[in-house]
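For ligands, and for the atoms within them, numbers begin at 1 and follow the listed sequence.
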Amino acid sequence: MTLDQGSRTPRTANRGETVPTVPPASKAADAVDVTALLERGRTLASPVLRAAIDRLAPPMDTVAAYHFGWIDAAGRPAEGDGGKAVRPALAVLSAEAAGAAPEVGVPGAVAVELVHNFSLLHDDLMDGDEQRRHRDTVWKVHGPAQAILVGDALFALANELLLELGTVEAGRATRRLTTATRALIDGQAQDISYEHRDRVSVEECLEMEGNKTGALLACACSIGAVLGGADDRTADTLERYGYHLGLAFQAVDDLLGIWGDPVATGKQTWSDLRQRKKSLPVVAALAAGGPASARLGELLAADASSSDFENFSEEEFAVRAALIEEAGGRDWTAQEARRQHTIAVEALDTIHMPDQVRAQFTELADFVVVRKR
Ligand SMILES: CC(C)=CCC/C(C)=C/CC/C(C)=C/COP(=O)(O)OP(=O)(O)O
């Protein structure tokens, strides 16, 4: 079974079809070191991010420092996993796409990373997730009130940092960030409401994922360019790249949310199944039809009203994951990630930018599709 990627309509076919997970690398991308690209974004953003967190009143400064991995739960200095820093890397690159120095994108990089982390703090609390970035989540360690407050504070700080620049470009950047933040919140509301529905269409799922993940990645890809004085057409095109990159990113996240290795992801096993998420693999499998799809539908419907769900064993989740795979949801989602990757990279062809910057955007897109964490 596969689902027709173009029409979004399930169709039967091609049992055993294999979906390559590695996208075709562009020739120019061969020369790009994605680790160095991510590290550059992190290094440029880090001092500004730390100074921003220092503005928070105690104990929020400490709680935020824990979340970013700078200290451990006992308050001792640490070098924890502060995340991949994909968004800062994109933001400084987008400044270069507009012909500006990467440093020009730094306030945007930090602002987007702050909004991203605000959303993670609240998301972990809403989902009851206990593990993020290889450690206990903030609400587990410091309590729900601190998770809410620090999340709110990061959101406010993001806007503060941009508005303090006091330029016309910063005003435009802030507008794009608030629009993206609203979409992110809409997407989260959709995501949570879908947990309580038996059926969600593939279209609804993609719209939700475009909101909760695509919008902020789109903003990361334009914000540096806007700060660097890019016109709206350039910024909009970079957003189109980022939006589809975000859809590819979330499709991979959905795969990792079921089949990811906890050692690499830093999250619990079967994290999305535990949360009854209607993620792309689940939705695609349910839409596919056939015996595995039907059995999965029955099981998930029973799970929705099961008082024992919290105590499900690893095996019970493994059964559901196997049915999703058998119905074709895993392959379809991997293919969808590749399809969105292609749309993203093709969008870049419509605007002028230095070849090296284009190669770096392409390499980051390639990384998003093959990442394991
Ligand atoms: C309003 C609200 C609560 C919204 C929640 C929205 C939400 C959590 C969307 C998921 C986005 C996503 C793929 C996060 C992981 O990013 P990543 O893999 O880049 O994380 P990293 O920074 O840890 O690397």
Undergrad: Quick check for you: to the nearest 0.5 Å, what is the distance between Cys221 atom SG and Arg176 atom CZ?
TA: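 Separation between the atoms: 11.5 Å.
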
Undergrad: Would you check whether Asp123 has a nitrogen or oxygen atom less than 3.5 angstrom from a nitrogen or oxygen atom of ligand 1?
TA: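 No, Asp123 has no N/O under 3.5 Å of an N/O on ligand 1.
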
Undergrad: Set out, in order, the CA-CA distance, both residues' side-chain angles and the distance that settles salt bridge (Lys or Arg N to Asp or Glu O under 4.0 Å) for Arg274 and Glu314, then state yes or no.
TA: CA-CA 10 Å; Arg274 292 179 195 280; Glu314 294 283 313; 2.8 Å; yes

Undergrad: At under 4.0 Å between heavy atoms, is it the side chain or the backbone of Gln250 that contacts ligand 1, or both, or neither?
TA: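 It is the side chain that gets close, since no backbone atom is under 4.0 Å.
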
Undergrad: Any idea which atoms of ligand 1 are less than 4.0 Å away from a heavy-atom of Gly83?
TA: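 Matching atoms, with element in brackets: 21 (P), 22 (O), 23 (O), 24 (O).
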
Undergrad: Within the structure, does His116 bring an N/O atom to less than 3.5 angstrom of an N/O atom in ligand 1?
TA: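 Yes: some nitrogen or oxygen of His116 is under 3.5 Å from one in ligand 1.
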
Undergrad: Heavy-atom distances under 4.0 Å are what count here, so tell me which part of Gln188 touches ligand 1: side chain, backbone, both or neither.
TA: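 Just the side chain.
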
Undergrad: With a cut-off of 4.0 Å, which atoms of ligand 1 are near a heavy atom of Phe249?
TA: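 Here the atoms of ligand 1 in question are 13 (C), 16 (O), 17 (P), 18 (O), 19 (O).
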
Undergrad: Taking the inter-plane angle between the rings of Phe68 and Trp70 on a 0 to 90° scale, is it parallel (under 30°), tilted (30 to 60°) or perpendicular (over 60°)?
TA: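 Because their plane-to-plane angle is under 30°, the rings of Phe68 and Trp70 count as parallel.
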
Undergrad: Give the atom numbers and elements of ligand 1 that come within less than 4.0 Å of a heavy atom of His122.
TA: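 Answer, ordered by atom number: 3 (C).
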
Undergrad: Does even one non-hydrogen atom of Thr213 get within less than 4.0 Å of ligand 1?
TA: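 Within the 4.0 Å threshold, so yes.
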
Undergrad: Write down the atom of Ala251, the atom of Thr333, and the distance for their closest heavy-atom approach.
TA: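 Closest heavy-atom pair between Ala251 and Thr333: O-CG2, 3.4 Å.
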
Undergrad: Using a 4.5 Å cut-off on heavy atoms from C-beta on, say whether the side chain of Leu114 contacts that of Leu161.
TA: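 The answer is yes, as the side chains (C-beta and beyond) meet within the 4.5 Å cut-off.
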
Undergrad: Purely on distance, is any nitrogen or oxygen of Arg132 under 3.5 Å from one on ligand 1?
TA: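 Not met; the criterion fails.
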
Undergrad: Is there a polar contact, in the sense of an N or O pair closer than 3.5 Å, between Lys212 and ligand 1?
TA: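 No: no nitrogen or oxygen of Lys212 is under 3.5 Å from one in ligand 1.
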
